[in-house]
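When a ligand or atom number is given, it counts from 1 through the structure's own listing order. No hydrogens, no waters, no symmetry mates; every other heavy atom, side chains included, goes into these values.
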Amino acid sequence: MGRRGHKKQKAFKRATVDAVRKARIEKQQGQSTANGDEATADDRPRVSTYDDIVKENALFEKYYKEMHLVPDNEWDAFLAALKEPLPVTFRVTGFRSHAFAVMHLIRERYFQPLESSTAIEKPKELVWYPGSLAWQLNLSRNQLRNFPELQRLKEFLYEQTEHGNISRQEAVSMIPPLVLDIQPHHKILDMCAAPGSKTAQIIECLHRDETNPIPSGFVIANDVDNKRCYTLVHQVKRLESPCFAIINHDASNLPNLKFNDENISFDRILCDVPCSGDGTLRKNPDLWKKWNPGHAFSLQSIQLRIATRGIQLLAPGGLMVYSTCSMNPVENESIVAQLLQTFEGHISLVDISEKLPGLQTIPGLTKWCIMGKNKEVYNSYEEVPPHMQSLARPNMFPPSQDILERLHLERCIRLLPHHQNTGAFFVALFRKLDKTVEVPSTQEETSQKRPAEEITFNEDGANFKRARYHRENPFIFFNEKDITGFWQEISEFFGVDPSFPADQMMTRHAADSGRNIYFVSDSLKQIVTLNQDRIKFINMGVRLLVRTDLRNDKDKRSLRLSQEGIAIVNKYFTKRRIEIEEQDLINFLSHAFTHYANVSQSVQKQLENMSQDLGSTICTFTIKQHNLEVPIIFVAWRGRSSFRPFVSHSSRKFYLSLLNIDHLTINDIIEKLTIEEKASNEPRIEGKTNNDPKIEDS
Ligand SMILES: C[S@@+](CC[C@H](N)C(=O)[O-])C[C@H]1O[C@@H](n2cnc3c(N)ncnc32)[C@H](O)[C@@H]1O
């Protein structure tokens, strides 16, 4: 090839790389705007640096100024705040004893060293979040560079996020689940759930009673986007709840779900709809150049249809929260006004302005306008020129004064960025009154249709043209034969209590050949059994047992306990348990394998009294520190000569911290552990749920 040929080839390669890079960047941008993706947006690479982007948009300023979205004397502060990056916010998650232990650790070890410095902005508590468990921090690059204490705090937060102890979630995004006042017996629907930061919060509320790992309530989390449903799986799996399921439907047409021979009416519904997302400008500064008033027009119809379906699915006395991360009243008050009129006498708007003491809000708007793309402003539908009438519909405008007075739109709340250094947000809470609302017949018809992806299959079912979605394996519950046959041997091995509901276990294949055995609550089993032919279930349940790679596949030992189901195992499995001592715990956490010669006498005694079979063992210890009791329960494999605990690095770090071991020593321990793991050729246990490596069989 001559020089010109080489040059051409090089240019082609460069162009291809650029095109791929551009496509990736555009994809990232697209995802981070319209979907208001709280859980992942913080870590997304940005195209240009934050400071490069011109944070101005004349249409935006004119529109919101014209309608007095914020009091006139606050306009400059409002605009200035929108141009600043968001502080980091996080909340401590999980069961109360764990959450308080984590918070204690953060305060003692990471917040206290910040106290002495006058140059560091102190962590700020989100006072309206219960239990002092949510905080706001300035972790700007400048601060991190200058203060190693902050860098250490940042690393700890990352690790604990991996462990599942901490959720990095935008402050305002924590509000909708809080106003829903969720109780463990509630039937809950999350209509547009992915990526799932609010779903996670809801599931935590459902499990607020630490003594009961299987509450009677449940959460059905839905999203129309099949791929995003799997992000949701990742987000909520770490909560290890047997009481939630993920489904994949258009929420505006969500089929009825059968339960106890009736259609389910939900006690609580979260309706966090797709929106234009200008409340996230601080997180997604690229929106500055894209913003235009037309975005809201195109979303209003689907938002209204989703919220309408939500009200239909709500139980009498139940609550539905409608929320967006948009400031545009077309996506907010106009939807609320329309719902209140459509369901007049059946629903009311709950005043939530005082519900979270310490949270600064402004009331919903009662007056607004809409704007065309040439900055022309219309105050009523009558002013809209014919060429715009198909875009700007009458219900986008405020209703007449006499109707407005009945609706009480001021009961909605708006969050403004400059009030508490947050994003902007809108929340409205509806209560369904004690009257039924007729479900229009179209919904019933829709509910009888088969899921969309099945329509693409040919009649023989084998040769499909192009399935729109990944087709899930069915969920197969244990039947009488499984329980009296296959399960019996395992049950004896682990001493499973007779009260254990074995029929709530399931696989994705036939019971005796499935790789994983899952467990769901009684209510969820009913829902899946009654609806599996019409509802597209993506995921549910906690993994209780995992098939290992032992030679004899039919051997009961070839099923290993999974850490994911530990709360249920701990409640019902009575054999193969050892109570370890503090020194054992430190040993287990510090090594990939702990030889029996190195365990405490008490553990040696317990091992002698236990069946000598190899296999899973449940280890328990309670850390008692600072008036807190933190139960530590994990699964270890009992080999011929040693134990192998199934504990991820992030969990090991956390437990070692709770044992008052300093972070430098912990880092040393983990470094040595990694070398041990490499030498033994065992894969590292990564996340909390990814605990499925080969098993030592020696
Ligand atoms: C604002 S995000 C939801 C954020 C989520 N509630 C959270 O807290 O992580 C909106 C979600 O609605 C989904 N969506 C869009 N149209 C939908 C529809 N017709 N039915 C159900 N979900 C829809 C999008 O895929 C997106 O995941």
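- Atoms of ligand 1 found under 4.0 Å from any heavy atom of N222, numbered from 1 in the order shown, are 21 (C).
- Rounded to the nearest 0.5 Å, atoms NE2 (H186) and CD1 (I269) are 12.0 Å apart.
- At a heavy-atom cutoff of 4.0 Å, ligand 1 is contacted by the side chain of R228 but not by its backbone.
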(message) Run H98 and N165 through side chain to side chain contact (heavy atoms under 4.5 Å, CB included) and show every step you take.
(response) CA-CA 8 Å; H98 251 78; N165 277 335; 4.1 Å; yes
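- For H234, the NE2 atom is loosely surrounded, since the number of other residues' heavy atoms within 6.0 Å does not exceed 12.
- Using a 4.5 Å heavy-atom threshold, the side chains of F60 and L281 count as touching.
- For D225, no nitrogen or oxygen atom sits less than 3.5 Å from a nitrogen or oxygen atom of ligand 1, counting backbone and side chain alike.
- When only interatomic distances are considered, the shortest N/O to N/O separation between A194 and ligand 1 falls below 3.5 Å.
- At least one side-chain heavy atom of L304 sits under 4.5 Å from a side-chain heavy atom of N395.
- Considering both main-chain and side-chain atoms, L270 never comes within under 3.5 Å of ligand 1 through any nitrogen or oxygen pair.
- Not a single N or O atom of D190, backbone or side chain, sits closer than 3.5 Å to an N or O atom of ligand 1.
- Heavy-atom separations between R305 and ligand 1 are all 4.0 Å or longer.
- Numbered from 1 in the order shown, with element, the atoms of ligand 1 that lie under 4.0 Å from a heavy atom of H249 read 20 (N), 21 (C).
- Aromatic ring orientation, W291 versus Y63: tilted (interplanar angle from 30° to 60°).
- In terms of polar-atom proximity, I306 is not counted as a contact of ligand 1, lacking any N or O under 3.5 Å from an N or O of the ligand.
- For the ligand labelled ligand 1, residue N253 lies outside the 4.0 Å heavy-atom shell.
- For ligand 1, the polar-atom distance check finds an N/O of A251 within less than 3.5 Å of one of the ligand's N/O atoms.
- A distance of 6.5 Å separates CG of L340 from CG of L409, quoted to the nearest 0.5 Å.
- Separating the CD1 atom in I220 from the CG atom in L524 is a distance of 5.5 Å, to the nearest 0.5 Å.
- Ligand 1 is never approached by S252 to a heavy-atom distance shorter than 4.0 Å.
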(request) Give the intermediate values and the outcome of side chain to side chain contact (heavy atoms under 4.5 Å, CB included) for residues M191 and L270. (result) CA-CA 6 Å; M191 303 185 86; L270 171 61; over 6 Å; no
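- Less than 4.0 angstrom separates some heavy atom of G196 from each of these atoms of ligand 1: 7 (C), 9 (O).
- Less than 4.0 angstrom separates some heavy atom of A193 from each of these atoms of ligand 1: 5 (C), 6 (N), 7 (C), 9 (O).
- Listed by number with element, the atoms of ligand 1 under 4.0 angstrom from any heavy atom of D250 are 18 (C), 19 (N), 20 (N).
- A cation-pi geometry, defined here as NZ or CZ lying under 6.0 Å from the six-membered ring centre and within 45° of its normal, holds between R508 and F475.
- Any N or O atom pair closer than 3.5 Å counts here, and S173 shares no such pair with ligand 1.
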